[in-house]
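None of these values were measured; they are calculated from a predicted model. One-based numbering along the sequence shown.
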Amino acid sequence: MTTAPTAADQLDTITERWTTLADRAGDRPTTTWPPAMGITRLLSEQERQEQAAERADTAPDAPGPRPAPVDVNILDVMTTIETGLLEAADAIAERVQRPAYRAQTGRGWTDEIHRDLALLAMKDAADPRRWKLTGQRTAPDAAEWLAQRLRDQPGPFRPLNDTERELVAAVAATAAEVLQRTLGDARQRTDVPHPCPMPCGGQLVVEGGDGQPPVVLCEDCGRSWTEAVA
């Protein structure tokens, strides 16, 4: 029996797979969803002409400017995930992160007590466990920090309450699902715009997108089709 990942596990997935997602953004898209399996590969003549024109436009020796070798769809996904995680980390930090100590004795650095308190305040403010509300922040940084809060790791914070845990869990689940679906780690299910070729004429769906061979299923008669490997 497979155990469902916790919210902290989902945040770990984002931290671990972010570089892979960034690398994928620099590649030209090579796959689409849903896959063009035999039973769904029913293109009109106009669609065939459009595909041929697209291939001509993107050929290395075709005339005219070449499109940038960047997958803008993945860049959009990265922006969406990062924005959600940063906003969640900012909101949680505002609630649970303790303000840094402040030394206000007014006696100057010649006073030993003032000096010790000032150094303590500086060290507390610079604690690397603190979430920074300004400066350079990334999705992996936010995912790791939020996972540490869910695991109640020590630092200048109070523990999360139930509402805060639910907020982080919701963001983690959405971000991890989008990331895994984009990378092909999550299985997807999509309706096929063609009826079942069997007498039932039922609704067809295609499942796949998780690295496993895609399969077309009929929701009425239960028949399935897989693409034969040449």
Between the CD atom in Q10 and the OG1 atom in T174, the distance rounded to the nearest 0.5 Å is 9.0 Å
Are any of the side-chain heavy atoms of V168 and L11 separated by less than 4.5 Å? yes
Indicate yes or no for a side-chain donor-acceptor contact from Q148 to the backbone of A143 under 3.5 Å, with no hydrogens or angles considered. no
Smallest separation among heavy atoms of C200 and D220, with atom names: SG-CB, 4.1 Å
Rounded to the nearest 0.5 Å, how far apart are OG1 of T163 and CZ of R95? 7.0 Å
From H194 NE2 over to L204 CG, what is the distance, rounded to the nearest 0.5 angstrom? 9.0 Å
Per-pair distances, 0.1 Å, donor-acceptor, side chain in residues 150-160, under 3.5 Å, sequence neighbours excluded:
unit_1	atom_1	unit_2	atom_2	d
R151	NH1	D12	OD1	3.3
R151	NH1	D12	OD2	3.4
R151	NH2	D12	OD2	2.6
D152	OD1	R165	NH2	2.8
D152	OD2	R165	NH2	3.0
R158	NH1	E164	OE1	3.0
R158	NH2	E164	OE2	2.6

Pairing residues for D76 by the side chain to side chain donor-acceptor pair (under 3.5 Å) criterion, not counting sequence neighbours: none
Give the minimum heavy-atom separation between A175 and I14, together with the two atoms involved. CB-CD1, 3.4 Å
Hey, what do you get for CZ (R17) to CG (L183), rounding to the nearest 0.5 Å? 5.0 Å
Filter on salt bridge (charged side-chain N to carboxylate O under 4.0 Å, His left out), then keep only pairs touching residues 134-150, sequence neighbours left out; what's left? D90-R137
Quick one: are W18 and T138 in side-chain contact, heavy atoms under 4.5 Å? no
Sequence neighbours excluded, which residues qualify as side-chain contact (heavy atoms from CB on, under 4.5 Å) partners of A91? none
What is the minimum heavy-atom distance between I74 and T182, and which atoms define it? CG1-CG2, 3.9 Å
Tell me, please, which residues at least two apart from E219 pass salt bridge (Lys or Arg N to Asp or Glu O under 4.0 Å). R189
Taking the side chain from R130 and the backbone from D124, do they hold a donor-acceptor pair closer than 3.5 Å? yes
Do you know the tightest heavy-atom contact between A142 and L86? CB-CD2, 4.0 Å
Checking T83 now: which residues fulfil side-chain contact (heavy atoms from CB on, under 4.5 Å) with it, not counting sequence neighbours? T79, E87
Pairs meeting criterion ring pair (Phe, Tyr, Trp, His ring centres under 6.0 Å) with involvement of residues 119-139, two or more places apart: W131-W145
What verdict does the side-chain hydrogen bond (donor to acceptor under 3.5 Å, both in side chains) test give for T6 and D9, after you've listed the backbone C-alpha separation in whole Å, the side-chain angles of each residue and the deciding distance to 0.1 Å? CA-CA 5 Å; T6 66; D9 293 335; 3.1 Å; yes
Closest heavy-atom pair and its distance - G202, C218: CA-SG, 4.1 Å
All heavy atoms of A25 vs all of M78, minimum pair found to be CB-SD, 4.1 Å
Atom NZ of K132 with >12 non-hydrogen neighbours under 6.0 angstrom: yes
